[in-house]
Amino acid sequence: MFVLFAIIIEHLFDPSIRDKAILRRTVCDHAHIISHKHPYWNRSLGADHFMLSCHDWGPRATWYVPQPYYNSIRVLCNANTSEHFNPKKDASFPEINLITGEITYLTGGLPPSNRTILALFAELSYKDTLKKSRFCICPGGHEVASPRIVEVTYAECVPGLISQHHVLPFSDVLNWESFSVQVPVKCLKNILMGVSQDRYFRMYEQVKMVQRHFVVNNPSVRYDAFNMIIPSIWFRRLNVCINCWCIFTPCFIHYYYNYY
């Protein structure tokens, strides 16, 4: 099951009213049709199906039907463990905000020697300042996730992460400690000032390396965002047994886990 909730927003959901009853009926009807019309859902009670949502009420949509909530793989931008996101079953996806639909001019930045700003939180000339900063603070938005992580990665700025309970995108593949810093708000300046030049240079190079994993291409290309979420879904699919047969591909797992 691939449910793109942007379609629900466009055709059924009025943000000014935020009527959850529409959401409940749509999700329940969708699960009912799939389970009664096709045999695939019933063989695993939805455990070998996945849904994708980057809207902040994406997790809520699964509350109304027990099988997607407890069984299906939920690919969510709002990957909040305090709201029952389960990293063993669910996959985190980066929140990407492409206003024009294009990546052009969003990627790249100044070399480390020309980055004169220690840390950026918010500026009027936001996009330009991103590319001049060494560290860019990435707080959560209305929920734990926000487009900031992707924006600063595009600008080759080292992310300073302060959101709690957020399962980071592609964290089953990427080593986030190698290119980001966990920053408690109270100790923000001291932690960033304490990062050595050598460590910063290493993180900067890693940010440049992982940047392509957060880029959206049409059609998709190797190692971009689409091709990163596929192994995340597949890893969780490996935990599912159907009729006592489990699928296992050690070469595939070895390749992705040893990429970094």
Side-chain angles (χ1 to χ4, degrees), residues 1-11 49-56 58 73-79 87 90-111 120 126-131 133 136 138 141 143-159 161 166-176 178-180 203-238 249 251-260:
M1 178 179 67
F2 180 87
V3 182
L4 187 60
F5 283 93
I7 298 175
I8 296 178
I9 295 176
E10 181 178 357
H11 296 287
H49 291 59
F50 75 93
M51 56 157 279
L52 168 66
S53 175
C54 260
H55 197 281
D56 56 11
I73 300 168
R74 301 182 304 165
V75 181
L76 304 173
C77 290
N78 184 26
D90 303 324
S92 177
F93 193 74
E95 186 171 331
I96 302 173
N97 182 24
L98 299 179
I99 298 176
T100 65
E102 299 291 336
I103 299 289
T104 309
Y105 306 120
L106 296 180
T107 57
L110 297 178
L120 168 70
Y126 174 65
K127 292 181 180 179
D128 291 336
T129 312
L130 278 177
K131 300 182 178 184
S133 303
C136 294
C138 300
E143 297 289 349
V144 294
S146 80
R148 179 70 69 93
I149 290 179
V150 174
E151 291 169 351
V152 305
T153 303
Y154 285 173
E156 299 170 0
C157 186
V158 175
L161 307 173
H166 184 201
V167 177
L168 295 168
F170 314 138
S171 54
D172 45 4
V173 176
L174 301 181
N175 178 14
W176 279 84
S178 69
F179 62 92
S180 66
M203 288 191 293
Y204 170 78
E205 291 299 330
Q206 285 292 320
V207 169
K208 291 178 64 177
M209 184 179 294
V210 303
Q211 181 190 89
R212 59 179 173 171
H213 300 318
F214 297 89
V215 171
V216 178
N217 297 290
N218 186 20
S220 63
V221 299
R222 197 176 189 186
Y223 303 126
D224 68 1
F226 175 80
N227 283 288
M228 288 297 288
I229 195 58
I230 294 303
S232 292
I233 294 171
W234 185 249
F235 293 157
R236 286 149 183 82
R237 171 64 179 80
L238 295 177
T249 52
C251 293
F252 181 83
I253 295 176
H254 175 81
Y255 175 77
Y256 272 93
Y257 271 110
N258 289 277
Y259 185 68
Y260 291 104

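Numbering starts at 1 and runs along the sequence shown.
When all heavy atoms of Gly108 and Glu156 are compared, the closest pair comes out as CA-OE2, 3.5 Å. Nearest heavy atoms, Val207 versus Val158: CG2-CA, 4.0 Å. Closest of all the heavy-atom pairs between Phe93 and Cys54 is CD2-SG, 4.0 Å. Across all their heavy atoms, Ser220 and Phe226 have their closest contact at OG-CD2, 3.6 Å. For the pair Phe214 and Pro169, the tightest heavy-atom approach, listed with the atom from each and the gap, is CE2-CB, 4.3 Å.
For the side chain to side chain contact (heavy atoms under 4.5 Å, CB included) test, residues two or more places apart in sequence or in another chain that qualify with Pro147 are Glu95, Asn97, Glu151. Listed by chain and number, the residues in a side chain to side chain contact (heavy atoms under 4.5 Å, CB included) with Ala155 are Leu130, Lys131 (sequence neighbours excluded).
Counting only heavy atoms from C-beta outward, the side chains of Ile149 and Trp176 approach each other to under 4.5 Å. In this structure, Phe170 and Ile229 have side chains that are in contact, with non-hydrogen atoms separated by less than 4.5 Å. By the 4.5 Å heavy-atom criterion applied to side chains, Leu106 and Lys127 are counted as neighbours. With contacts defined as side-chain heavy-atom distances shorter than 4.5 Å, the pair Ile103/Tyr154 qualifies. By the 4.5 Å heavy-atom criterion applied to side chains, Cys138 and Val152 are counted as neighbours. Two residues are said to be in side-chain contact when any heavy atoms from C-beta on lie closer than 4.5 Å; Met228 and Leu174 meet this criterion.
With hydrogens and angles ignored, the 3.5 Å screen pairs no side-chain donor or acceptor of Asn227 with any backbone N or O of Asp224. For the pair Arg236 (side chain) and Pro87 (backbone), a donor-acceptor distance under 3.5 Å is present. Under a 3.5 Å cut-off, the side chain of Asp90 and the backbone N or O of Val75 do not form any donor-acceptor pair. The backbone N or O of Val167 sits less than 3.5 Å from a side-chain atom of Ser92, completing a donor-acceptor pair. The closest donor-acceptor contact from the side chain of Gln211 to the backbone of Thr153 lies under 3.5 Å. Side-chain atoms of His166 do not come within 3.5 Å of backbone N or O of Ala145 as any donor-acceptor pair.
If you take CE on Met203 and OG on Ser178, they are separated by 9.5 Å, rounding to the nearest 0.5 Å. In this structure, Asp128 CG and Leu110 CG are separated by 9.5 Å, a value rounded to the nearest 0.5 Å. Within the model, atoms SG of Cys77 and CD1 of Ile96 stand 7.5 Å from one another, a figure rounded to the nearest 0.5 Å.
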**Message:** With side-chain contact (heavy atoms from CB on, under 4.5 Å) as the criterion, how do Leu76 and Met51 come out once you've worked through the C-alpha distance, each side chain's angles and the decisive distance to 0.1 Å?
**Reply:** CA-CA 8 Å; Leu76 304 173; Met51 56 157 279; 3.9 Å; yes

**Request:** Just do the side-chain contact (heavy atoms from CB on, under 4.5 Å) check on Tyr126 and Leu120 with the steps written out, would you?
**Result:** CA-CA 9 Å; Tyr126 174 65; Leu120 168 70; 4.2 Å; yes

